[in-house]
Amino acid sequence: MPVSEYDAIVVGASFGGLAVARQLRGRVLLLDRNEVGAVQTSACGTPLWVPQALGVADSVLQVHDRLTVRTPERSVIYDLSAVPFCTFDYRAFCQGLLAQCQVRFLRTAVTGMADGVVRTGEGRFAAPVIVDCSGWRGAVINDGDPTQPRARTYSFGLETKAELSDEGLSFWLDRELIRRGLGWVFPVGRGSLIGLGSYVGVSKLKPPLERFLAAQGVAPTTYHGTYFPNRLLRATVGTVFAVGDAAGQCLPLTAEGIRPAIYFGGECGKLVQRVLDGALPLPQALAHYHGLVERYRWAYRVLGLAQWITVHAPTRWFAAFAALATRPPFLPRWWPRYGWFGRVEPVAVSTPT
Ligand SMILES: Cc1cc2nc3c(=O)[nH]c(=O)nc-3n(C[C@H](O)[C@H](O)[C@H](O)COP(=O)(O)OP(=O)(O)OC[C@H]3O[C@@H](n4cnc5c(N)ncnc54)[C@H](O)[C@@H]3O)c2cc1C
């Protein structure tokens with residue numbers, strides 16, 4: 001079978017893949033097994049500045065300036081107004097980013113890669129630059145042999161939409177509900193996304209989630225869920241760039257994976273474009289990207305430690321710590337620092353005519 005040649009191939013057209021692709025010009029192929037924005041896995045909670053900076057603010061469903069952390073002992077309210085959060089519509093967000101891309105999108109499943117040739121259901125494609133943004137499975141970097149989700153590396157989340165109008169974002173830490181994980185209620189305009197996440201990758205979450213829903217007095221609709229990493233993995237594998245969950249960039253503890261995928265994806269895309277322009281050799285671009293991601297390893301370690309404490313400490317200790325973190329001088333110090341992570345100056349991206 002003949003091989004079609006491109007300048008660059010991006011696998012996965014969700015947060016990471018679209019963040020890479022919108023930086024690229026040239027003969028670029030963007031592959032995904034689903035239509036863009038069709039299959040949502042995330043609760044789509046992120047700082048409000050993210051969709052605003054990306055020019056997709058019209059995808060925002062609800063803005064949140066407070067977060068409640070609930071434990072059986074007490075509830076703690078965080079004032080997020082210094083960096084408000086939002087929940088957004090996944091399809092509108094992704095379609096908005098796709099409209100900013102000057103690439104060829106092809107819907108097909110990638111089955112692996114060898115010697116710079118990507119195998120798909122629609123044939124074989126080659127490019128000097130390949131970026132794997134296919135989520136936790138890493139379809140390219142694992143050559144179609146999916147990662148086995150190991151308990152100490154992958155969390156699992158399951159959620160459903162329900163008719164619940166809560167006061168704002170909330171997390172629930174209750175060992176009766178889920179032993180090594182937490183629950184969440186993310187209002188999305190009409191109704192809320194309600195879910196449970198296991199930090200140790202337990203995937204049978206439907207029965208406890210149904211109990212959680214029953215306690216809120218609401219019924220489930222459709223469920224969606226998947227694994228996501230809670231440990232920083234490899235940013236480059238051979239000559240392939242990895243972005244987002246494929247590189248383990250989802251943040252431990254808070255399970256925020258959208259922002260890191262978009263931030264590292266954007267930076268990766270800029271480096272790849274310099275390679276395509278002939279301004280930077282590929283090995284140097286790989287080294288730059290690897291170095292950029294490694295600069296954040298300490299932050300991932302800190303959040304990983306906080307996740308470990310959350311899992312293992314008695315919930316009353318966690319509640320006391322969570323309460324302390326809402327108070328001055330602590331909150332004004334750590335919240336903006338955390339909330340602005342990943343912000344880069346907006347880059348002018350021209351839309352195709
Ligand atoms: C239930 C749940 C709720 C979450 N809530 C939040 C939240 O509120 N906020 C937050 O920041 N993070 C949240 N996360 C984490 C976040 O969803 C992920 O970290 C984020 O989606 C990672 O983005 P990504 O682009 O790397 O991968 P993904 O979003 O997983 O995208 C991977 C893309 O690759 C495609 N793909 C996969 N395999 C192949 C293949 N073989 N061939 C072709 N295409 C392929 C997929 O179709 C998909 O489009 C949540 C996770 C879960 C499970």
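As the structure lists them, so they are numbered: ligands from 1, and atoms in each ligand from 1.
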_Distance-only side-chain donor-acceptor flag, Gln102 / Arg25, under 3.5 Å_ = no
*Which residue holds the protein heavy atom closest to atom 27 (O) of ligand 1, what is that atom called, and what is the gap in Å?*
Gly135 CA, 3.6 Å
*asked:* Using a 4.0 Å heavy-atom cut-off, which part of Ala139 comes near ligand 1: side chain, backbone, both, or neither?
replied: side chain
_For Gly244, atoms of ligand 1 separated by under 4.0 Å from a heavy atom_ = 26 (O)
*Can you list the ligand 1 atoms lying under 4.0 Å from a non-hydrogen atom of Cys133?*
32 (C), 33 (C), 34 (O)
*Nearest protein heavy-atom contact for atom 31 (O) of ligand 1: which residue, which atom, what distance?*
Ser14 CB, 3.0 Å
*Give the residue, atom name and distance (to 0.1 Å) of the protein heavy atom nearest atom 8 (O) of ligand 1.*
Gly45 N, 3.0 Å
Identify each donor-acceptor pair in which a side-chain atom of residues 312-324 lies under 3.5 Å from a protein atom, sequence neighbours left out, and give them as a table.
unit_1, atom_1, unit_2, atom_2, d
His312, ND1, Trp308, O, 2.9
His312, ND1, Trp308, NE1, 3.3
Thr315, OG1, Glu73, OE1, 3.2
Thr315, OG1, Glu73, OE2, 3.3

_atom 2 (C) of ligand 1 - nearest protein heavy atom and its distance_ = Thr41 O, 3.1 Å
*Should one rank Ala242, Ala43, Gly195 by closest heavy-atom distance to atom 4 (C) of ligand 1, which comes out on top?*
Ala43
*asked:* Can you tell me which portion of Phe15 lies within the under-4.0 Å heavy-atom range of ligand 1? Options are side chain, backbone, both, or neither.
replied: both
*Measure from NZ or CZ of Arg180 to the centre of the six-membered ring of Tyr199 and say whether it is under 6.0 Å with the direction within 45° of the ring axis.*
no
*Worked check of ring pair (Phe, Tyr, Trp, His ring centres under 6.0 Å) between Phe212 and Trp172*: CA-CA 10 Å; Phe212 187 32; Trp172 301 64; 5.3 Å; yes
*Identify, by atom number and element, the atoms of ligand 1 in contact range of Gly16, meaning under 4.0 Å from any of its heavy atoms.*
25 (O)
*Against heavy atoms of Asn34, which atoms of ligand 1 measure under 4.0 Å?*
47 (O)
*Quick one: look up the protein heavy atom nearest atom 17 (O) of ligand 1 and list residue, atom name and how far away it is.*
Ser42 CB, 3.1 Å
*Got a donor-acceptor contact below 3.5 angstrom from the Thr111 side chain to the Arg119 backbone?*
yes
*When you check the side-chain N and O atoms of Asp245 and Gln249, is any donor under 3.5 Å from an acceptor?*
no
*For ligand 1, which part of Thr108 has a heavy atom less than 4.0 Å away: the side chain, the backbone, both, or neither?*
backbone
*If you have a sec, work out which protein heavy atom is nearest atom 26 (O) of ligand 1 and how many Å separate them, to one decimal?*
Asp245 N, 2.9 Å
*Any Asp32 heavy atom less than 4.0 Å from ligand 1*: yes
_Quick check against the 3.5 Å criterion: does Thr221 have a side-chain atom that pairs as donor or acceptor with the backbone of Lys161?_
yes
*asked:* At under 4.0 Å between heavy atoms, is it the side chain or the backbone of Trp136 that contacts ligand 1, or both, or neither?
replied: neither
_Exercise: do Ser59 and Asp89 side chains pair donor with acceptor under 3.5 Å_ = no
*Which option, Ser134, Cys44, Gly37, owns the non-hydrogen atom nearest atom 37 (C) of ligand 1?*
Ser134
_Give the atom numbers and elements of ligand 1 that come within less than 4.0 Å of a heavy atom of Thr226._
53 (C)
_Within 45° cone and under 6.0 Å: Arg343 NZ/CZ vs Trp340 ring_ = yes
*Go through ligand 1 atom by atom and flag the ones less than 4.0 Å from a non-hydrogen atom of Ile258.*
9 (N), 10 (C), 11 (O), 12 (N)
_Does the Lys NZ or Arg CZ of Arg259 fall within the cation-pi geometry relative to Tyr338 - under 6.0 Å from the ring centre and within 45° of the axis?_
yes
*Please check if the side chain of Ser170 supplies one atom and the backbone of Thr68 the other of a donor-acceptor pair under 3.5 Å.*
no
*Only counting residues at least two apart or in another chain, list the ones meeting side chain to side chain contact (heavy atoms under 4.5 Å, CB included) with Ser42.*
Phe15, Cys44, Ile258
*Could you check atom 41 (N) of ligand 1 against the protein and tell me its nearest heavy-atom contact, residue, atom and distance included?*
Val110 O, 3.0 Å
*Nearest protein heavy-atom contact for atom 43 (C) of ligand 1: which residue, which atom, what distance?*
Arg33 N, 3.3 Å
*Does an N or O from Gly257, backbone or side chain, lie closer than 3.5 Å to an N or O of ligand 1?*
yes
*Where's the contact between Ala255 and ligand 1, heavy-atom distance under 4.0 Å: side chain, backbone, both or neither?*
backbone
*At under 4.0 Å between heavy atoms, which part of Cys250 makes contact with ligand 1: side chain, backbone, both or neither?*
side chain
*Between Trp136 and Tyr227, does the ring centroid distance fall short of 6.0 Å?*
yes
*asked:* Centre-to-centre under 6.0 Å for Tyr78 and Phe85, is that the case here?
replied: no
